[in-house]
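Let me begin by presenting the structure, written as structure tokens, before commenting on it.
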Amino acid sequence: MLLEEQRRQVIETAREALQTGLIMLTTGNFSLRDPETGYMCITPSGMDYQQVTPADIVVMDTKGTIIDGDRKPSIEGSLHRFAYEKRPDIFGVCHSHSPYATAWASVEEPFPLIVAELAGMLGSNLMTAPFFPMGSMELAEVTIRVLGNQNAVLMSNHGQLTVGPSLPKALAHARLIEEAAKIACFAKSIGTPRIISEEKAESLKKWLATHYGQQ
């Protein structure tokens, strides 16, 4: 089977997202890009992630041609393809409908950057892409444009999209976004949140890049 190990990793990520509440039922979609072939392994459309097998994961190129697999790929395939086309640094993409992030994506108020860890991950504000119907080319185009060089973007009235140098990293970003969105909701209910400026966020991102983790 072509890219069997990579397909298994996509399944594991989808199941972890399901178990941690980032998605429910068959919602959300996940992919990785194989660095050797350049092919994308993506979840199928509308299938139970607890029942999905490696053969159900679709292997595609970044132009949308199916290379291997008999299943219909996620309706958000273009969202993933465009991310890989625009950003050579991206090797994992997660689109989830986590409740707190989706709540913030559904109001007019900008997302309040108040959690230091998120500020360090983004280096700027968390932006929200405008609404377009799910699965549409317009949604894919505008979401990736608003994402720019960042690791995350909210999708208006829809959810969140996170990317990373690997699929586990993209999933970690999604979990951080959801946690920060939950804290923002709590803070907003208590009083007026103290916002971290873009300058401080950029400084945090640079500091973490050289100081956090092991060499």
Side-chain angles (χ1 to χ4, degrees), residues 1-84 90-103 105-106 132-137 139-140 143-144 151-155 157-179 181-182:
M1 181 186 299
L2 182 63
L3 301 178
E4 182 175 0
E5 184 55 39
Q6 289 85 343
R7 289 160 114 160
R8 291 187 184 278
Q9 186 178 1
V10 171
I11 294 173
E12 290 171 3
T13 300
R15 289 176 179 170
E16 185 176 346
L18 186 63
Q19 292 164 2
T20 55
L22 290 177
I23 59 172
M24 62 176 291
L25 302 176
T26 61
T27 64
N29 32 85
F30 308 86
S31 74
L32 62 74
R33 173 167 53 179
D34 176 56
E36 293 187 10
T37 63
Y39 293 154
M40 174 178 78
C41 300
I42 189 168
T43 46
S45 178
M47 292 188 69
D48 184 347
Y49 291 136
Q50 298 288 20
Q51 305 299 323
V52 164
T53 68
D56 296 317
I57 301 300
V58 184
V59 180
M60 308 172 66
D61 65 21
T62 55
K63 299 301 180 184
T65 302
I66 294 179
I67 305 300
D68 190 34
D70 298 323
R71 298 296 189 182
K72 177 183 175 183
S74 168
I75 62 170
E76 303 293 7
S78 295
L79 187 65
H80 294 249
R81 291 193 299 107
F82 289 176
Y84 295 127
I90 291 175
F91 288 90
V93 176
C94 295
H95 169 43
S96 61
H97 303 150
S98 54
Y100 286 98
T102 302
S106 303
F132 281 97
M134 63 183 70
S136 67
M137 198 67 69
L139 175 67
T143 301
I144 300 308
N151 292 317
V153 60
L154 296 181
M155 302 168 68
N157 302 95
H158 193 157
Q160 59 158 310
L161 181 82
T162 56
V163 301
S166 67
L167 187 50
K169 194 68 174 178
L171 181 66
H173 290 161
R175 296 185 67 176
L176 177 55
I177 293 291
E178 179 65 2
E179 182 67 15
K182 180 168 67 174

Quick one: does [X]'s side chain get under 4.5 Å of [Y]'s, heavy atoms only?
X: V10; Y: R7; result: no
X: M155; Y: H97; result: no
X: I23; Y: Y49; result: yes

Distance in Å, [X] [atom1] paired with [Y] [atom2], rounded so as to fall on 0.5 Å steps:
X: L2; Y: I57; atom1: CG; atom2: CD1; result: 13.0 Å
X: S31; Y: Q9; atom1: OG; atom2: CD; result: 11.0 Å
X: N157; Y: F132; atom1: CG; atom2: CZ; result: 12.5 Å
X: S166; Y: K169; atom1: OG; atom2: NZ; result: 7.5 Å
X: N151; Y: I90; atom1: CG; atom2: CD1; result: 7.5 Å
X: E12; Y: L171; atom1: CD; atom2: CG; result: 11.5 Å

Give the intermediate values and the outcome of salt bridge (charged side-chain N to carboxylate O under 4.0 Å, His left out) for residues K182 and E178.
-> CA-CA 6 Å; K182 180 168 67 174; E178 179 65 2; over 6 Å; no

Report task. Please confirm whether the backbone N or O of A140 pairs with a side-chain atom of T143, one donor and one acceptor, at under 3.5 Å? Result ->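 No, T143 side chain to A140 backbone: no donor-acceptor pair under 3.5 Å.
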
For the side chain of R33 and the backbone of Y84, is there at least one donor-acceptor N/O pair under 3.5 Å apart?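 A pair under 3.5 Å: yes.
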
Please determine whether the number of non-hydrogen atoms from other residues, nucleotides or ligands lying under 6.0 Å from atom [atom1] of [X] exceeds 12.
X: M1; atom1: CE; value: yes
X: M134; atom1: CE; value: no
X: D70; atom1: CG; value: no

Who are the salt bridge (Lys or Arg N to Asp or Glu O under 4.0 Å) partners of D61, not counting sequence neighbours?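 By the salt bridge (Lys or Arg N to Asp or Glu O under 4.0 Å) rule, D61 matches no residue at all.
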
Tell me the closest heavy-atom pair linking [X] and [Y], and the distance in Å.
X: G21; Y: P99; result: O-CD, 3.7 Å
X: M60; Y: P73; result: SD-CB, 3.8 Å
X: C94; Y: L167; result: SG-CD1, 3.8 Å
X: M24; Y: T27; result: O-OG1, 2.7 Å
X: A105; Y: G159; result: CB-O, 3.9 Å

Under the criterion side chain to side chain contact (heavy atoms under 4.5 Å, CB included), which of I177, V153, L154 is the partner of L161?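 With L161 as partner, side chain to side chain contact (heavy atoms under 4.5 Å, CB included) holds for just one option, V153.
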
- Residue that, paired with T37, satisfies side chain to side chain contact (heavy atoms under 4.5 Å, CB included) out of L3, I67, V59: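 Result for side chain to side chain contact (heavy atoms under 4.5 Å, CB included) with T37: L3.
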
Which pairs would a plain distance check flag for residues 38-45, meaning a side-chain donor or acceptor within less than 3.5 Å of a matching protein atom at least two apart in sequence or in another chain?
| from | atom 1 | to | atom 2 | distance (Å) |
| --- | --- | --- | --- | --- |
| T43 | OG1 | F30 | N | 3.1 |

Got a salt bridge between E179 and R175, using NZ or NE/NH1/NH2 to carboxylate O under 4.0 Å?
->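 Here E179 does not pair with R175 in a salt bridge, since their nearest N and O are not under 4.0 Å apart.
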
Output yes when K72 and D56 qualify as a salt bridge under the 4.0 Å nitrogen-oxygen rule, no when they do not.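 Salt bridge: no.
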
[X] and [Y]: side chain donor to acceptor below 3.5 Å:
X: H173; Y: T162; answer: no
X: Q160; Y: T102; answer: no
X: D34; Y: Q6; answer: yes
X: H80; Y: H95; answer: no

- Take N29 and I75 through the side-chain contact (heavy atoms from CB on, under 4.5 Å) test and state the conclusion after the steps. CA-CA 9 Å; N29 32 85; I75 62 170; 5.7 Å; no

